[in-house]
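We name chains A, B, ... by the order of the sequence lines, and we start the count at 1 in each one.
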Amino acid sequence: MNQKPSIPKGTRDFSPEEMTKRNYIFDTIKSVFRLYGFQQIETPAMENLSTLLGKYGEEGDKLLFKVLNSGDFLSGISDAELLERNAARLSGKICEKGLRYDLTVPFARFVVQNRDKISFPFKRYQIQPVWRADRPQKGRYREFYQCDADIIGSNSLFNELELIQIIEEVFCRLKINVCIKINNRKILSGIAEYIGEPEKLTDITTAIDKIDKIGIENVNEELLSKGINREALGKLQPLLQLKGSNQEKLAQLKALLFESAAGMKGITELETIFDLCEKANVCVPIELDLTLARGLNYYTGAILEVKALDVEIGSISGGGRYDNLTGVFGWEGVSGVGVSFGADRIYDVLYQLQLFPEISAEQTKILFVVFGEKELKFSLQWAQALRKENINTEIYAEPSKLKKQLGYADNKKIPFVAIVGENEMQEGKITFKNMATGEQQMISLEELIQRLKS
RNA sequence: GUGGUCGUAGCUCAGCUGGUAGAGCGUCGGAUUGUGGUUCCGAAUGUCGCGGGUUCGAGUCCCGUCCUCCACCCCA
């Protein structure tokens, strides 16, 4: 036997049925992006490794897929270097390219490289796969799609509002009930200052990000192990357990963080965003959640996350503001804010809640069933006439038995067939059969078109 | 990267304390040479993930390896 075919770990094939469902998601997201004036770009699957390395932290570098140089990639390598067996060092010499890890860094590269052609603020969207050499598990893959929309080159909090409106519109169209969790990186900095551990900001945020998952005790334990002292931990506790409406939470925060300039700035930003949402009649519930940190270190202002209300799953979208994204590529001080929709998780939500619509538009409407070569040629003109009317039409390409051809229509859920035989050709008609009811009737081309269009 | 788990027909799986490989679904053919979705009859298909070991004999036991899935780290 031949070798059994397989695909790489963490990758997936998508069947026609899955693709119509996935396209429903992508098309919905795309149309909302366009509604707000975002323009699509694409960037290559491969970037130069120098573009990617060092942008995602040490862990991130390990998760990059590297592409081996073409040709004799060992030509410049000495025996000594080979014997050293230093994989990291060696890979730097034999790999110049890598698969993109997200869409944000390539976007930053794109902006810097094309700054002369772009007019700012630049609103772009991008829907492409990204790759991570992670170990796959439930809902996590080595190849997956991101749907990003970013506004770059504007500090206005109006942009944050726009992203919230986009989130609202997308999930409204998909009929998913969601709640937006919002936080602000500056408030987190303020908190770190307030408890006297400003240097430990990253440790603090990644720890409290897990509060839902591992509970407050374990978070405290982790913070202790990271070197946060007990006094600081004590000051942190009331902040982790803030209760009440957004306004109430903000009031309490103000009372605690009044000495921190950053913290107060974050609070003001949030107040402005809440106010704008009210003016814009945003209806989705938006909840201030201080435990929302998101792993990404480049966020500097608002942090957003979207949770589905009717199904137990992690966040289905996220985003935030980042200042100076393009700084690493030599262009300082460009601020942006973006949102990313997690297509795979949205798929799971729609699947679990059975919210996928019946999509029949792209399905074949009628199949020509034929008995021989002559009938095949006869059908050709009919099929062309139908296609001219925008009716999805197929001709069964070989004169197999009727049983087989009808079985094909059945499996493919084609609602109508046109049976073409000698009798039909003599009369210049076809036998029109409704697969659901079994009714059939000989009719002319004009009548056929009329029936299929109604 | 750490820990666990799985692998038998195209798919889902059964296969006892070791004794020559099984079912359902699907596929193909026929009942029905111009009528599908229902029914009935028949047929084809396997290096039992791969490599080694124990044994007279291994799908079954042992070791290794790869793969799948799950959890952790991290992340979408």
Check your understanding: Does the ring centre of A/F33 sit less than 6.0 Å away from the ring centre of A/Y125?
Key ->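 Distance test on ring centres: under 6.0 Å, yes.
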Exercise for review: Examine A/F368 together with A/Y396 and report whether their ring centres are nearer than 6.0 Å.
Suggested key: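 A/F368 vs A/Y396: aromatic centres not under 6.0 Å.
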Check your understanding: Quick one: on RNA chain B, does A/P8 or A/N434 contact a more 5' nucleotide (nearest heavy atom)?
Key ->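 Nearer the 5' end of the strand: A/N434.
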Point to revise | Earlier contact from the 5' end, RNA chain B, for A/G342 and A/K9 | key: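 Closer to the 5' end of RNA chain B: A/K9.
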Can you tell me, in whole Å, how much space there is between the [atom1] of [N] and that of [M]?
N: B/rU20; M: B/rG24; atom1: C1'; result: 24 Å
N: B/rG19; M: B/rA58; atom1: P; result: 11 Å
N: B/rC48; M: B/rA21; atom1: P; result: 10 Å
N: B/rU65; M: B/rG7; atom1: C1'; result: 13 Å
N: B/rA76; M: B/rC67; atom1: P; result: 25 Å
N: B/rU8; M: B/rA14; atom1: P; result: 10 Å
N: B/rC50; M: B/rC66; atom1: C1'; result: 7 Å
N: B/rU68; M: B/rU12; atom1: P; result: 14 Å

Point to revise | Listed once per pair and sorted, the salt bridge (charged side-chain N to carboxylate O under 4.0 Å, His left out) pairs that draw on residues 342-353 of chain A, sequence neighbours left out | key: A/R12-A/D344, A/R22-A/D344
Check your understanding: Between B/rA76, B/rG37, B/rG34, which one does the side chain of A/D410 approach most closely?
Key ->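 Side chain of A/D410 sits closest to B/rG37.
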Point to revise | Given B/rG30, B/rC28, B/rA76, the nucleotide with the shortest approach to the side chain of A/R345 | key: B/rA76
Using a strict cut-off of less than 4.0 Å between a Lys/Arg side-chain nitrogen and an Asp/Glu carboxylate oxygen, indicate whether [X] and [Y] qualify as a salt bridge.
X: A/R321; Y: A/E269; answer: no
X: A/E169; Y: A/R173; answer: yes
X: A/K97; Y: A/E47; answer: no
X: A/K21; Y: A/E18; answer: no
X: A/R142; Y: A/D134; answer: no
X: A/K66; Y: A/E96; answer: no

Return yes if the base of [N] and the side-chain atoms of [X] contain a donor-acceptor N/O pair under 3.5 Å, otherwise no.
X: A/Q440; N: B/rU35; answer: yes
X: A/N411; N: B/rG37; answer: no
X: A/E424; N: B/rG34; answer: yes
X: A/K433; N: B/rU35; answer: yes

Check your understanding: Contacts to RNA chain B from residues 130-144 of chain A, heavy-atom cutoff under 4.0 Å, which residues?
Key -> A/R132, A/D134, A/R135, A/Q137, A/K138, A/G139, A/R140, A/Y141, A/F144
Review point. At their closest point, which heavy atom of A/V219 faces which heavy atom of A/A207, and how far apart are they?
Key: CG2-O, 3.5 Å
Rounded to the Å, how far apart are [X] [atom1] and [N] [atom2]?
X: A/M435; N: B/rU38; atom1: CE; atom2: P; result: 12 Å
X: A/E422; N: B/rU33; atom1: CD; atom2: P; result: 17 Å
X: A/L402; N: B/rG30; atom1: CG; atom2: P; result: 13 Å
X: A/L406; N: B/rG34; atom1: CG; atom2: P; result: 11 Å
X: A/K403; N: B/rG30; atom1: NZ; atom2: C1'; result: 9 Å
X: A/I303; N: B/rC75; atom1: CD1; atom2: P; result: 13 Å

Base, sugar-phosphate, or nothing: which does [X] touch, judged by heavy atoms less than 4.0 Å apart?
X: A/N423; answer: base
X: A/L63; answer: nothing
X: A/F371; answer: base
X: A/A343; answer: nothing

Point to revise | Positive for ring-ring contact (aromatic ring centres under 6.0 Å, His included) with A/Y347, one of A/F356, A/F26, A/F341 | key: A/F356
Review point. Is A/K401 near enough to B/rG30 that one of its side-chain N or O atoms lies under 4.0 angstrom from OP1 or OP2?
Key: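 For B/rG30, OP1 or OP2 has a side-chain N or O of A/K401 closer than 4.0 Å.
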Review point. Just to confirm, is there a sub-4.0 Å distance from OP1 or OP2 of B/rC74 to any side-chain nitrogen or oxygen of A/K210?
Key: yes
Review point. In dot-bracket, 5' to 3', how would RNA chain B read with Watson-Crick or G-U wobble pairs under 3.5 Å, [ ] for crossing ones and | for pairs to another strand?
Key: ((((..(..((((.....[..)))).(((((.......))))).....(((((..]....))))))..))))....
